[in-house]
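First the proteins, then the strands, lettered A, B, ... as listed; each starts at 1.
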4 protein chains.
Amino acid sequence: MARRAGTTGAETAEKVRKAALELFARSGYAAVSMRAIAAETGVQAGAIYNHFPTKQDLLNELLRVHMETLLSAWEEVEVPGLAPPEALEHFVRFHIRYHLDRSREVFISYMELRSLEDENFSAIEVLRRDYEKVPRAILERGAADGSFAIIDPQITTMAIIAMLTGMTTWYRENGRLSLDEIEAVYVRLVARLVGQKEED
Amino acid sequence: MARRAGTTGAETAEKVRKAALELFARSGYAAVSMRAIAAETGVQAGAIYNHFPTKQDLLNELLRVHMETLLSAWEEVEVPGLAPPEALEHFVRFHIRYHLDRSREVFISYMELRSLEDENFSAIEVLRRDYEKVPRAILERGAADGSFAIIDPQITTMAIIAMLTGMTTWYRENGRLSLDEIEAVYVRLVARLVGQKEED
Amino acid sequence: MARRAGTTGAETAEKVRKAALELFARSGYAAVSMRAIAAETGVQAGAIYNHFPTKQDLLNELLRVHMETLLSAWEEVEVPGLAPPEALEHFVRFHIRYHLDRSREVFISYMELRSLEDENFSAIEVLRRDYEKVPRAILERGAADGSFAIIDPQITTMAIIAMLTGMTTWYRENGRLSLDEIEAVYVRLVARLVGQKEED
Amino acid sequence: MARRAGTTGAETAEKVRKAALELFARSGYAAVSMRAIAAETGVQAGAIYNHFPTKQDLLNELLRVHMETLLSAWEEVEVPGLAPPEALEHFVRFHIRYHLDRSREVFISYMELRSLEDENFSAIEVLRRDYEKVPRAILERGAADGSFAIIDPQITTMAIIAMLTGMTTWYRENGRLSLDEIEAVYVRLVARLVGQKEED
DNA sequence: GATGAATGAGACTTCATTCAT
DNA sequence: CATGAATGAAGTCTCATTCAT
């Protein structure tokens, strides 16, 4: 049968992306079939191939777009002249907010890297490294100007990212603390990690 | 054909466990076939079913045994009377050493929880919670006796675990720092997170 | 590859039904593989699943449709006002003709009931009972109006059905007697079973 | 492990026969696995092969022994000089009693003939034909001496056997009629089929 | 004579993908 | 652009059978 009235190809592609994101996050790339994505989208499996050449391309696009969006979102909110302590706080708040809003993208970005074929994997890895350079640079500036007392910049960077990203595994919207409170806690924890003096 | 001379069932079962661990860690549970595990083990796929009723049982056993072993390993090295700062350092060193030795078990314990069927999932979750209680209890003791200045016990606990476990994703045996050095860095980072005074 | 030009799904489904009927009758449900049905149909095994969800559903549909068709075929030829002796003769001729035309359906309807899962089994049983009510009712009418001298209505009903249906196990198209002759013999045998007076 | 104390090979072989009979009757030859038979027997599948070379041999032995036993049981009770009416009644009573006692053997003798490989099938067919000759001979004697008014000897023979054997499909031990009563009904039905005068 | 472990084939079913319509 | 039907490969698991112990 032909396309139903009132739908456009772009709409379908977007619905496929949403469905795939949801399902990959819930069950993992390998465990999700094109038929399952199609069912969630409301089309037959064959229709997906009008928009994405292969299942692998679908995953790759999700991850690539996520990383690109993350990077450009940071570029948009970044405040260039900020002193390291304020810059780090700014980054922490950005990272938490952004990652909670896209918890499924974040999740599959960590989980499904290994499902990418080599070439795709490498491209995503580059983007990931780029993002890791953001806190790393702040740490190094802070170490240089004496506002931080960094133990080891590389490990501290990874520790910060792991700590912040780990939040997506336990955060629930109606938990004990509000998002603002959690953010505040993490800002202070990160400050401690980099050896800032407590200001309260 | 029957069993080849000189082999035993227990050996095969162990080889299957090893192969499955390796492959699940590398490619993920859903992406690994029983045939692939069998090939790595050196038997036909059907032979696995003499030792494990289903693929799910195989995963479940790996995860269950890992968590049980982790818990009993801790119980064995735990030093009951230790003051909170020393207890925390002890835990950090234990966790790092143990997790690096079993990086694949750790990896699939985090990655493949979602591949467990409901009942199996619940059982493993209980064990995971049990393990999280270990640092949590130390933090609370330290908060009570004033040796720590904890910002938020729950978040700090999760942050410590995420930070430490994240190491398995980037640690390489011949990297810039030795394991001893890395351990020392993490001990200090954790000390900062819980608000201990720097002792150096 | 996709569908070959000039074929339709309905055709394939029908070919699958035919092949399954043939093979189930010859070798039994459990001894026939989906691959064998597919080979007889001229498609790959997977293609069957576009038309029948499971092998069990395929069997179930064959049996259900057979029983429904049998019942509605009877309803179509039934002559309501007929006196019991003529009604019984009418039924005997119908049963023989119908069952010889569909000897494979009849065969698997008796043989493969036990291969049906519980729910499917119950549904088919209901239809079978409905069909058995047809001769039973004629017998009872004939007993009531004195045209028959029934020994025991239930046993006689079962005896008639067993006797008639048993014919499918030995009937061969080019045997000693023509179908018309066989029919005539059975009409007289049934007349004897119900205690009609011989009219010749 | 070796044989458990107190069991003998002959016992196991007999238990295997019983289990196979039971399971073949319930689910059909093709649907029953050697493992299932072994489980019902209380041994491992491999042990069956100490007593029966293949699954096919097991089926074949069950059918062959059944037919041989049936034939020799008849030979034992047969009363040579009996007049046709009494001989037929004698046969009917024998057939019913014998078949109800061995309903599973009877059932698989009809159902699983097609599961026999060619050579085995032919051998069993010979025995079946031998048994069918028994009523056939009585009918012919009765036709010759005028005590029966047979419509068609072959069809009547098959009708009698189908009718009698069909009973195993609906007979229940605690049904409406006792076995004696059922027997009496069938004796009279058969007498009608062969055109004897009603004697009551 | 029995066990337990193995093989190699094959069971049902699902999969990613293709393509006529 | 979507459907529905197909392929060919592969998935998990079971099977009859064999054989070292």
(message) Near DNA chain E, counting only heavy atoms under 4.0 Å, which residues of residues 51-65 of chain B show up?
(response) B:His51
(request) Could you identify which residues of residues 25-33 of chain B place a heavy atom less than 4.0 Å from some atom of DNA chain E, listed by residue number, or say none? (result) none
Partners meeting salt bridge (Lys or Arg N to Asp or Glu O under 4.0 Å) with [X] (sequence neighbours left out):
X	result
C:Glu117	none
B:Glu112	A:Arg114
C:Glu14	C:Arg17
B:Arg35	none

(message) List the residues meeting side chain to side chain contact (heavy atoms under 4.5 Å, CB included) with A:Ala31, not counting sequence neighbours, and say none if there are none.
(response) A:Ser27, B:Ala30
(request) Determine which pairs satisfy ring pair (Phe, Tyr, Trp, His ring centres under 6.0 Å) with at least one residue from residues 10-38 of chain C, sequence neighbours left out, and list them in order. (result) C:Phe24-C:Tyr29
(request) Scan for ring pair (Phe, Tyr, Trp, His ring centres under 6.0 Å) pairs involving residues 41-62 of chain C, sequence neighbours excluded, and state none if there are none. (result) none
(request) Applying side chain to side chain donor-acceptor pair (under 3.5 Å), name anything that partners B:Asn120, two or more places apart in sequence or on another chain. (result) B:Gln56, B:Asn60
(request) Mind checking side chain to side chain donor-acceptor pair (under 3.5 Å) for B:Thr54 and listing every partner two or more places apart, or none if nothing turns up? (result) B:Asp57
(message) Both atom distances under 3.5 Å, Watson-Crick or G-U wobble: I'd like the secondary structure of DNA chain E as a dot-bracket string, with | for pairs made across strands.
(response) .||||||||||||||||||||
